[in-house]
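Worth knowing before you read on, the calculation uses all heavy atoms, side chains too, and leaves out hydrogens, waters and symmetry mates. Quantities reported herein were computed from a predicted structural model and do not represent experimental measurements.
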Amino acid sequence: MKNIAVLGSGIVGQVLADGFLKHGYSVMRATRQPSKLATWKADAGPRASVGTFADAARFGELVVLAVKGTAAEEALDLAGPEALAGKTVIDATNPIADEPPVNGVLKFFTGPNESLLERLARRAPDARFVKAFSSVGSVWMVNPDFGGVRPTMFICGDHAGAKKEVEAILDAFGWEAEDMGGLEAARAIEPLCMLWCIPGLLHNRWTHAFKLLKK
């Protein structure tokens, strides 16, 4: 089992950190304020630890980026791109702008011909980025129950080995992984966050996930 670094002290970071702990990994969560995660660390057990972004990046053999999209590039800078070199980095972020949604549709700070994943890959060019966990709410990220049907998690990235590693994690976490290709595919995957959120923002319905049907 690899050591996992989870960069982010919010709910997505907690859910994914707890999921990795559940599946037998050791996890370090990164935060600017370690006191914020003291209770989590005490409750999570001996395989859980807390550190700075740089500490976590050094600790993690696999890294999960689980911060607000507006903070994602800064988080990589705090972690240190050199500490991420050669490592699989799961990017669970979305480029959600700090503006209110319009008729249930979130606003992004990226355009249609770019993605946050591509920006991050330029920021840490030696990391092996894989987009995942970006098109569903945190409550469903780990072993979701949809009546025995595995939902689809769309992933992308430029490194085949890193994607295989993430596919194995998704399988353990109860997901069917669907590889959409290279980094550019994030331009299509990230907006699925907008689509996923519309039923919740308009009708307070948050109990769904995507499924790719194939013949």
Working for side chain to side chain contact (heavy atoms under 4.5 Å, CB included), residues L201 and W206: CA-CA 9 Å; L201 293 170; W206 304 96; 4.0 Å; yes
If we ignore hydrogens and angles and just use 3.5 Å, is the side chain of [X] paired with the main-chain N or O of [Y] as donor and acceptor?
X	Y	value
H159	T88	no
W196	H208	yes
D158	L183	yes

Check whether [X] and [Y] end up in the same hydrophobic cluster, where Ile, Leu, Val, Met, Phe, Trp and Tyr are linked by side-chain heavy atoms less than 4.5 Å apart.
X	Y	answer
L195	V139	yes
F108	I198	yes
M1	I169	yes
V130	V27	yes
M153	V149	no

Taking only residues two or more places apart in sequence or in another chain, which ones pass ring pair (Phe, Tyr, Trp, His ring centres under 6.0 Å) with [X]?
X	answer
F146	W140
Y25	F20
F129	none

With a 3.5 Å cut-off and sequence neighbours excluded, list the donor-acceptor pairs that the side chains of residues 59-70 form with protein atoms.
{"residue": "E61", "atom": "OE1", "partner": "N3", "partner atom": "N", "Å": "2.8"}
{"residue": "K68", "atom": "NZ", "partner": "D98", "partner atom": "OD1", "Å": "3.4"}

Can you find a pair of side-chain heavy atoms, one from [X] and one from [Y], that are under 4.5 Å apart?
X	Y	result
I155	E167	yes
W175	P151	yes
L120	L76	yes
I189	M180	yes
L106	C193	yes
D126	L84	no
F210	S135	yes
F173	M141	no

[X] versus [Y], closest heavy-atom pair with distance:
X	Y	value
R29	A17	CD-CB, 3.7 Å
P81	R123	CG-O, 3.7 Å
A177	L170	CB-CD1, 3.7 Å
P125	R122	CD-O, 3.6 Å
A56	A5	O-CB, 3.0 Å
V142	L16	CG2-CD2, 4.5 Å

Residue K211 excluded, over 12 heavy atoms near NZ under 6.0 Å: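 Counting neighbours around NZ of K211, more than 12 heavy atoms of other residues, nucleotides or ligands fall under 6.0 Å, so yes.
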Salt bridge (Lys or Arg N to Asp or Glu O under 4.0 Å) partners of residues 134-143, not counting sequence neighbours, each pair once: none
Residue pairs fulfilling salt bridge (Lys or Arg N to Asp or Glu O under 4.0 Å) with at least one residue in residues 80-95, sequence neighbours excluded: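 Matches after skipping sequence neighbours: D91-K131.
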Tell me, please, which residues at least two apart from [X] pass side-chain hydrogen bond (donor to acceptor under 3.5 Å, both in side chains).
X	value
T152	E176
T52	D55
R150	D171
Q33	none

Residue pair F53, D77: steps toward the side chain to side chain contact (heavy atoms under 4.5 Å, CB included) verdict: CA-CA 9 Å; F53 281 79; D77 292 343; over 6 Å; no
Counterpart residues, side-chain contact (heavy atoms from CB on, under 4.5 Å), relative to S115 (two or more places apart): L117, E118, A186, R187, E190
Test: R32 and E74 ion pair at under 4.0 Å: yes
Sidechain N-carboxylate O distance under 4.0 Å for E165, R128: no
Atom pairs and distances, side-chain donor-acceptor, residues 34-45, under 3.5 Å, sequence neighbours left out:
{"residue": "K36", "atom": "NZ", "partner": "S9", "partner atom": "OG", "Å": "3.3"}
{"residue": "W40", "atom": "NE1", "partner": "D18", "partner atom": "OD1", "Å": "2.8"}

Point-to-point distance, once rounded to the nearest 0.5 Å, from CD1 of I90 to NZ of K163: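 Answer for the CD1-NZ pair, I90 versus K163, is 13.5 Å.
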Chi angles and distances behind the side chain to side chain contact (heavy atoms under 4.5 Å, CB included) call for V50, M28: CA-CA 5 Å; V50 174; M28 179 181 287; 5.7 Å; no
